[in-house]
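Beneath this line is the structure, given in structure tokens, with notes to follow.
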Protein chains: 2
Amino acid sequence: MKLSNGVEWALHCCVSLSQGHEAVPAARLAELHGVPAAYLAKHLQALARGGVVTSSPGQVGGYTLARAPGEITVLEVVTAVDGDEPTFRCREIRQNGPLAAPLEQCSRWCAIARVMADAETAWRSSLAAISIADLAEAIDDDSHGTAMRDVRGWLMSR
Amino acid sequence: MKLSNGVEWALHCCVSLSQGHEAVPAARLAELHGVPAAYLAKHLQALARGGVVTSSPGQVGGYTLARAPGEITVLEVVTAVDGDEPTFRCREIRQNGPLAAPLEQCSRWCAIARVMADAETAWRSSLAAISIADLAEAIDDDSHGTAMRDVRGWLMSR
DNA sequence: GGGGCGCTACTCGGATACTGTATGTCCGAGTCGCAGCGG
DNA sequence: CCGCTGCGACTCGGACATACAGTATCCGAGTAGCGCCCC
């Protein structure tokens with residue numbers, strides 16, 4: 001079970017976007033994070049589709065957070081980029097083979113699927129408890145208060 | 001983030017194995033669950049490598065649970081089949097670009113990686129709380145006590 | 001009749017093709033800002 | 001001097017190649033059981 005690395009890029013981009021009020025083009029975000037611009041654009045489009053960021057075309061266009069940083073959870077970003085399909089897809093193999101379970105016993109999910117779904121819920125809850133604002137604060141603390149200030153300055157310049 | 005469907009097969013196989021004391025060949029497990037035998041064998045090998053089941057060659061060989069069903073957790077099965085790499089691999093992009101974080105601030109993990117790791121820990125804990133015996137009991141309850149009895153009977157026959 | 005030996009059949013295990021998803025890239029459609037022109 | 005219009009440049013958005021991992025399969029190495037032969 002591997003998570004697309006686009007998730008990491010998207011989270012960093014959201015944190016950066018939370019530091020400026022102007023729209024930031026995809027190319028500029030790519031430069032800031034040192035990642036391929038064309039590919040990052042793809043993930044930003046996914047964020048836009050997911051309602052995490054809003055895009056504006058034109059000469060001074062770019063991406064902006066759709067809501068306040070404290071109102072956007074990490075889970076939303078992950079879901080927007082990675083898709084909202086469940087990680088475990090039950091193929092109902094209990095209905096296969098010589099001992100196939102009768103259909104009337106399959107009204108509930110398979111016990112295995114329930115366990116996996118519970119685990120996924122725990123994972124999602126953990127991600128939903130953290131907001132972009134929390135991330136920005138944590139990163140700022142790690143850098144003793146310089147990282148976010150530098151990002152703000154860099155976004156302002158040019 | 002998608003989980004290999006081999007995980008589902010492996011869990012079902014472990015539950016079935018918990019019902020019989022004889023070694024069960026891969027082909028027989030495949031027949032029981034209605035899945036391709038050659039492919040299932042691959043996953044059973046992974047379970048053997050992970051120490052979840054033990055394999056015995058020869059005419060009456062096959063697979064057996066390596067420990068008591070209550071002592072094997074779902075997490076072990078998932079890890080054995082899917083690999084134990086973390087779902088989120090931090091590429092340290094904070095060290096990229098014009099505002100690269102200095103190395104002395106990177107002694108700890110990136111804040112984003114920490115959040116993802118916490119979520120994964122929650123997921124793993126949830127899976128580690130359930131054993132194969134728990135699964136077998138839950139499946140039995142769903143079928144009003146017939147499913148595991150049928151499996152035992154089918155494994156005895158032939 | 002008992003013990004030893006060889007054969008056979010069955011098992012797992014890893015090496016080998018194929019498919020789908022993630023990765024990476026590109027060019028076209030659309031929009032906003034700015035400069036130039038006319039009133 | 002002010003407003004309108006046309007142009008240009010920049011933006012996003014989706015369509016297009018490529019690389020890798022999951023899917024599916026096969027055949028060879030090894031072992032245990034069984035029957036046969038010899039004593």
Side-chain angles (χ1 to χ4, degrees), chain A residues 1-10 13 17 22-31 33-66 78 80-89 91 93 158, chain B residues 1-10 13 17 22-31 33-66 78 80-89 91 93 158:
Chain A
M1 188 169 68
K2 198 166 63 71
L3 206 52
S4 161
N5 71 4
V7 169
E8 181 181 8
W9 301 359
C13 284
L17 285 176
E22 305 288 326
V24 184
R28 196 148 170 74
L29 285 171
E31 180 190 358
H33 297 112
V35 298
Y39 191 25
L40 179 63
K42 193 181 186 65
H43 293 304
L44 290 172
Q45 287 168 29
L47 286 181
R49 269 193 296 269
V52 174
V53 302
T54 56
S55 64
S56 47
Q59 201 163 14
V60 294
Y63 291 98
T64 323
L65 286 186
V78 172
V81 173
D82 197 65
D84 57 354
E85 304 168 15
T87 64
F88 182 84
R89 179 160 131 59
R91 307 295 179 105
I93 68 175
R158 188 182 308 184
Chain B
M1 188 170 68
K2 198 166 63 72
L3 207 52
S4 163
N5 70 6
V7 169
E8 181 180 9
W9 300 359
C13 284
L17 285 176
E22 305 288 326
V24 184
R28 196 147 170 76
L29 285 171
E31 180 190 358
H33 297 111
V35 298
Y39 191 26
L40 178 64
K42 192 181 184 64
H43 294 303
L44 290 172
Q45 288 168 27
L47 285 181
R49 269 193 296 269
V52 174
V53 302
T54 56
S55 64
S56 47
Q59 201 163 14
V60 294
Y63 290 98
T64 324
L65 285 186
V78 172
V81 173
D82 196 63
D84 56 355
E85 303 169 15
T87 64
F88 182 83
R89 179 160 131 57
R91 307 295 178 106
I93 68 174
R158 186 181 310 184

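Because the structure is a prediction, the values reported are computed rather than measured. The sequence lines fix the lettering, A, B, ..., with proteins before strands; numbering per chain opens at 1.
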I'd like a table of donor-acceptor pairs (distance under 3.5 Å, sequence neighbours excluded) in which one partner is a side-chain atom from residues 39-50 of chain A, with atom names and distances.
none

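The nearest whole Å value for the distance from the CG atom in A:Leu40 to the C1' atom in C:dT23 is 13 Å. Atoms CZ (A:Arg89) and C1' (C:dG20) sit 14 Å apart, rounded to a whole Å. Between the C1' atom of C:dG24 and the CD atom of A:Gln45 lies a distance of 13 Å, rounded to the nearest Å.
B:Ala27 approaches B:Ala37 most closely through the heavy-atom pair CA-CB, 4.3 Å.
Of the side-chain N and O atoms in B:Arg28, none sit less than 4.0 angstrom from OP1 or OP2 of C:dT11. Residue A:Arg49 places at least one side-chain N or O closer than 4.0 Å to OP1 or OP2 of D:dG14. At the phosphate of D:dG13, OP1 or OP2 sits under 4.0 Å from a side-chain N or O atom of A:Ser55.
A:Glu8 contributes a side-chain N or O that, together with a main-chain N or O of B:Arg91, makes up a donor-acceptor pair within less than 3.5 Å. Checked by atom type and distance alone, the side chain of A:Thr54 never pairs as donor or acceptor with a backbone atom of A:Ala66 at under 3.5 Å.
Within the 4.5 Å cutoff, the side chain of B:Arg89 has no heavy atoms near those of the A:Asn5 side chain. Using a 4.5 Å heavy-atom cutoff, the side chains of B:Leu17 and B:Thr64 are not in contact. Side-chain contact between A:Cys13 and A:His33 is present, with at least one heavy-atom pair separated by less than 4.5 Å. The shortest side-chain heavy-atom distance between A:Trp9 and A:Ser4 does not fall under the 4.5 Å cut-off.
The residue A:Ala27 sits apart from the nucleic acid: no heavy atom pair falls under 4.0 Å. Nucleic acid contact for A:Ala23: none, since no nucleic acid atom lies under 4.0 Å from a heavy atom of the residue.
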Between protein and nucleotides 19-23 of chain D, what N or O pairs are separated by less than 3.5 Å?
{"residue": "D:dT23", "atom": "OP2", "partner": "B:Ser4", "partner atom": "OG", "Å": "2.9"}
{"residue": "D:dT23", "atom": "OP2", "partner": "B:Tyr39", "partner atom": "OH", "Å": "2.9"}
{"residue": "D:dT23", "atom": "O5'", "partner": "B:Tyr39", "partner atom": "OH", "Å": "3.1"}

Please tabulate, one pair per line, each protein N/O and nucleotide N/O from nucleotides 28-33 of chain C that are separated by under 3.5 Å, including the distance.
{"residue": "C:dG33", "atom": "O4'", "partner": "A:Gln59", "partner atom": "OE1", "Å": "3.3"}

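A:Lys2 contributes atom NZ, which lies 13.5 Å from atom CG of B:Leu3 (distance to the nearest 0.5 angstrom).
Between B:Ala38 and B:Pro25, it is B:Pro25 whose nearest contact on DNA chain C lies nearer the 5' terminus.
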